[in-house]
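One structure below.
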Amino acid sequence: MSVACDAVATTDVQTCYRHPDRRAGVVCQRCDRPICPSCMHQASVGFHCPECARTGRQRVVTARSMVTRPVVTYALIALNVGVFVGDLLSPPVAGAAGLHQWGSDGALWGPGVAAGDWWRPVTSGFLHDGLMHVGFNMFLLWQLGTLLEPALRRLGFAALYAMSLLGGSFLTLVLDNDTPAIGASGAVFGLMGAAFVAMRSRGINPFQTGIGPLIVINLLLTFTIPGISIGGHVGGLVAGAVGAWIFWELGPRLGPRSPVPAVACLAIVAVLYVGCLVVAQPLPLPGPVLVPS
């Protein structure tokens, strides 16, 4: 999967240093030269130009350059995996096969939120139903996070992730208040939406890379496979796309170092969280059955 995100968005149209007649989509993560899609070589973080990819020369790692390392992405993966293991080790819930205490207490469930469980809109995004569920979500988080975080920096990426997670929680409560849901899929969908918008803003067609088909396939699965949280996926996708628009479309007009985009996303996070508490409805239902999101 290819996601085109450069470290700093600019308002000037850049052309490829090897092909002056072609618009550049990103800059090389090693030498900072603008490159077009034909010259992009996938690297562990971002993209490299042909020369840097061929020679494999290494940059000197300084304290300033370490800011591009996807530390938040790795921390989120570790937290999700840790919570998954902790849930498996927590006491099983009597009368509910396969359900453990952490999952029961932390799942997104409208009646529980309405009853005062204020943590559910957040904790539900770190719980998973099975190894395949957590494994698939963490794989996508790793792929998308290592590409987006160097461009947004740590605070911006954390704000985008939180906005996507809570966007999924909010729409889930609106559409399906009484069905419990868990999973980081809403946040991951948000990262997919953000990558789509980022690529479009750099003049690259997302459907000529892996991100466009990935979104289409996952949306088809969302609407065709029973038991998947539609609200979580669609809400996360929309929230992530809005966050990306703030960073890649509004941000360049304010300057590359402006804190306004990150602050704006954090403000939306707060609004979404309050919205979750407001729309949750108390319904007298039996114990929850987890639905992977």
Side-chain angles (χ1 to χ4, degrees), residues 1-5 42 70 72-73 76-77 79-81 83-84 107-108 121-122 124-149 151-152 157 160-176 179-202 204-245 247-248 265 272 290-293:
M1 172 166 45
S2 301
V3 180
C5 305
Q42 179 73 59
V72 175
T73 298
L76 287 169
I77 293 174
L79 181 58
N80 275 275
V81 173
V83 170
F84 175 70
L108 181 64
V122 177
S124 59
F126 296 92
L127 291 162
H128 290 85
D129 181 28
L131 187 61
M132 182 175 294
H133 190 202
V134 67
F136 182 71
N137 280 340
M138 293 306 100
F139 174 72
L140 288 178
L141 173 56
W142 172 73
Q143 280 196 315
L144 295 165
T146 53
L147 293 174
L148 289 172
E149 186 178 343
L152 296 175
F157 180 75
L160 177 69
Y161 189 88
M163 186 172 165
S164 302
L165 189 157
L166 286 169
S169 295
F170 176 77
L171 192 57
T172 297
L173 291 173
V174 171
L175 298 180
D176 207 0
T179 302
I182 57 174
S185 301
V188 171
F189 260 79
L191 298 184
M192 285 191 279
F196 187 96
V197 173
M199 296 172 73
R200 288 291 302 272
S201 71
R202 303 307 298 162
I204 296 176
N205 184 355
F207 289 98
Q208 293 179 348
T209 68
I211 191 64
L214 179 67
I215 293 176
V216 172
I217 292 173
N218 277 276
L219 284 176
L220 288 175
L221 295 176
T222 298
F223 285 99
T224 56
I225 297 179
I228 292 182
S229 175
I230 295 176
H233 289 186
V234 176
L237 182 67
V238 172
V242 171
W245 181 87
F247 278 108
W248 272 280
C265 286
L272 287 171
L290 298 184
V291 176
S293 63

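All values reported here derive from a predicted model rather than from experimental measurement. Just the heavy atoms: all of them, side chains too, but no hydrogens, waters or symmetry mates, feed the values below.
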**Message:** Closer than 3.5 angstrom, by distance alone: can the side chain of S185 be matched with the main-chain N or O of H233 as a donor-acceptor pair?
**Reply:** no
Grab the two heavy atoms, one from [X] and one from [Y], that are nearest each other, plus how far apart they are.
X: G145; Y: F157; answer: CA-CZ, 3.7 Å
X: A194; Y: L148; answer: CB-CD1, 4.2 Å
X: G210; Y: P213; answer: O-CD, 3.5 Å
X: S229; Y: G232; answer: OG-N, 3.0 Å
X: N137; Y: A184; answer: ND2-N, 3.6 Å
X: P206; Y: R200; answer: CD-CD, 3.3 Å

With a 4.5 Å limit on heavy-atom distance, are the side chains of [X] and [Y] in contact?
X: D129; Y: I182; answer: yes
X: F126; Y: L165; answer: yes
X: L160; Y: C265; answer: no
X: F189; Y: L219; answer: yes
X: V216; Y: F207; answer: yes
X: L237; Y: N218; answer: no
X: V242; Y: M163; answer: yes
X: V238; Y: F170; answer: no

**Sub-6.0 Å ring centroid separation between H128 and F84** = no
Distance (rounded to the nearest 0.5 Å) between [X] [atom1] and [Y] [atom2]:
X: L173; Y: L272; atom1: CG; atom2: CG; value: 11.0 Å
X: I217; Y: T222; atom1: CD1; atom2: OG1; value: 11.5 Å
X: I211; Y: L144; atom1: CD1; atom2: CG; value: 5.0 Å
X: L147; Y: L152; atom1: CG; atom2: CG; value: 11.0 Å
X: H133; Y: M138; atom1: NE2; atom2: CE; value: 8.5 Å
X: I204; Y: F196; atom1: CD1; atom2: CZ; value: 12.5 Å

**Item:** For L175, all residues meeting side chain to side chain contact (heavy atoms under 4.5 Å, CB included), sequence neighbours excluded
**Value:**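 Partners of L175 under the side chain to side chain contact (heavy atoms under 4.5 Å, CB included) test: L171.
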**Asked** What do the steps show when you test T73 against L76 for side-chain contact (heavy atoms from CB on, under 4.5 Å), and what is the final call?
**Response** CA-CA 5 Å; T73 298; L76 287 169; 5.8 Å; no
**Message:** Suppose the criterion is side chain to side chain donor-acceptor pair (under 3.5 Å): which pairs have a residue in residues 160-169, not counting sequence neighbours?
**Reply:**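 Qualifying pairs, neighbours excluded: none.
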